[in-house]
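Within every chain, numbering begins at 1; the chains are lettered A, B, ... in the order of the sequence lines, protein sequences first and strands thereafter. None of these values were measured; they are calculated from a predicted model.
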Amino acid sequence: MAEHHDNDYDVHAHVTPTKVYVGVLAVLIFFTFLTVAAYNIRLGDWNLPVAILIATLKATLVISYFMHMKYETGFNIAFFLGTVAVVGIFLLYSMSDTETRAEVSEYSAGRYDSRTGEFASGTAPGIVEAGGEEAAIDPAVLAALAAESGEELGGGEAGGEQAGGEQAGAAGGQVERIPGDAEAGAAIYQRSCIACHAANGTGNGGMTGADFVNDASRLSKSDADLLTSIRDGIIGRGAPMPPQGGNLSEEEMRDVLSYIRREFGGE
Amino acid sequence: MAHADHGPKFLQHHFDTPSQQFTAAKLGMWLFLAQEILFFSGLFVAYFIFRSWYPEAFSIGSHLLDWRMGAANTVVLLLSSFTAAMAVRSAQVGDRKATGNYLLLTMVFAAVFMVVKYFEYAHKIHVGFLPGGHFAPTEEGMRELAEAVGTSFHGEGVAYHLRSYFGIYFVMTGIHGLHVLVGIGLMFWLWLKNRRGEFSKEYFTPVDCTALYWHLVDLIWIYLFPLLYLID
């Protein structure tokens, strides 16, 4: 650091010429356009590595010139690089764990993507790269998931729950209803259901919860089935239905179901 | 002063020389920056794990952001880093007026960044793109969502996981924004000190260390921009 050999008393910091700073700024802005251009080319799988590479080049420039790392003491440089190395270990270790967990234990898998009917990346049992139609799902895992949720899930397709419901509805015709107080149910709906299923019962177009109004399969199930769903929740298709068993009494569940049937099922 | 020969006013009594004081301050600052990097690394690891679990939700989520605003803010922060570096340089050569002006410019760029961020946040909140359990798009939000995903979209699952994306988005940009606000405060403090003539060729440590902090805030954003705004 002491470039001037006169003494060790005064501070001798490196003064970078202005044109170096201007040059670095120009390169940084150029890299910003480059990263946007790379995004607009739609690189697919290369999107992330290219973005990280460009960001790291920019970071290196900022650290070396703006932060004067080039002129720092050896100890500070070693300390900084050590920190970056620790972050690297943290990142690599966490990601290798996340991406390969399903290979080790199939029951720690189960981040089931309802849209595609497949397991989320790296979490499908026995599948390292979950993707494409050929991703086969172990029936044992499906059975376990189904048992957990009290629902029947068809082999990897999201229709199981729906088909079961339709059958029950068709077979039963005008099926027996478990009585409940719809008036009392209204308040419960406002309190416990409205956040996901929305005031009009559409679940924001089925995005945040089941759509009772437009999706006939929903309310075609029997009261007993629906009460089980309310009590125990549903995992599998779509946004999970959180279990209400600890939240509502049996009577309250009957009341709210009766309200839903009246308001959204037209009964 | 107990020791008349101790040295200049800025030299604290527990240091022998200005050089020793400066080196110690820089080491302390790097320790703090290392801590900041480790702190943010936890958030980045959370980001990568969620992105690997829900790649589609992250892709859709990034299309719900306006990359033009993100790019504009990136350029603004780069400019502010440049002016911060120039403020240090001006202090190093003892140009008090330039130091003050560059500090002011840095504050202005930082404020522009926050204003852009405000518009982005206000819109997200308005259409209901909120983190976690608060995620509840309004009709306008649903239209944006439909636009972002195209006609092929018909599932609940991806929309469900958007709450994870917006959780990550708000936490990471929120904590980063907090750092920007702190930076503005520090620059103002420096500006006042500079106006009182406390800095000189021999003593510019606070300007140097604050600029280091500011560059780190810029560094974090350099990674946040492509990771949040530019997903295929």
For the residue pair [X] and [Y], what are the closest heavy atoms and their distance?
X	Y	result
Y39(A)	H63(B)	OH-CD2, 3.4 Å
A55(A)	I222(B)	O-CG2, 3.5 Å
F48(B)	L91(A)	CD1-CD1, 3.6 Å
L25(A)	L78(B)	CD1-O, 3.5 Å
A34(B)	T83(A)	CB-OG1, 3.4 Å
Y223(B)	I52(A)	CE2-O, 4.3 Å

Given T138(B), V93(B), L31(B), the one with more heavy-atom pairs under 4.5 angstrom with chain A than any other is L31(B)
Heavy-atom pair count under 4.5 Å with chain A, highest-scoring of L212(B), L216(B), L79(B): L212(B)
To the nearest 0.5 Å, what is the distance between [atom1] ([X]) and [atom2] ([Y])?
X	Y	atom1	atom2	result
I49(B)	E99(A)	CD1	CD	9.5 Å
F66(A)	S81(B)	CZ	OG	5.5 Å
T74(B)	F31(A)	OG1	CZ	14.5 Å
M86(B)	T18(A)	CE	OG1	3.5 Å

Residue N40(A) excluded, over 12 heavy atoms near CG under 6.0 Å: yes
Greater than 12 external heavy atoms within 6.0 Å of E139(B)'s CD: no
Can you name the one residue among L230(B), I231(B), L227(B) that meets side-chain contact (heavy atoms from CB on, under 4.5 Å) with L48(A)? L227(B)
Note, [X] side chain near [Y] side chain (heavy atom, < 4.5 Å):
X	Y	result
V11(A)	Y203(B)	no
D208(B)	H68(A)	yes
V87(A)	F40(B)	no
F225(B)	T35(A)	yes
V22(A)	F82(B)	yes
V36(A)	R68(B)	no

Walk me through it: do M67(A) and L33(B) pass the test side-chain contact (heavy atoms from CB on, under 4.5 Å)? CA-CA 11 Å; M67(A) 298 172 89; L33(B) 294 187; 3.7 Å; yes
Could you give me the CA-CA distance, side-chain angles and deciding distance for L27(B) and F75(A), then say whether side-chain contact (heavy atoms from CB on, under 4.5 Å) is met? CA-CA 9 Å; L27(B) 173 60; F75(A) 184 80; 3.5 Å; yes
D232(B) side chain to G44(A) main-chain N or O, any donor-acceptor pair under 3.5 Å? yes
Determine whether a donor-acceptor pair (N or O, by modelled atom type, separation under 3.5 Å) exists between the side chain of R89(B) and the backbone of V15(A). no
Determine, stepwise, if the pair I63(A) / H215(B) fulfils side-chain contact (heavy atoms from CB on, under 4.5 Å). CA-CA 8 Å; I63(A) 293 163; H215(B) 297 312; over 6 Å; no
Atom group of Y229(B) that falls short of 4.5 Å from chain A, counting heavy atoms: backbone
Proximity breakdown for K201(B) and chain A, heavy-atom pairs closer than 4.5 Å: neither
Where does the angle between the aromatic ring planes of W30(B) and F80(A) fall among parallel (under 30°), tilted (30 to 60°) and perpendicular (over 60°)? perpendicular
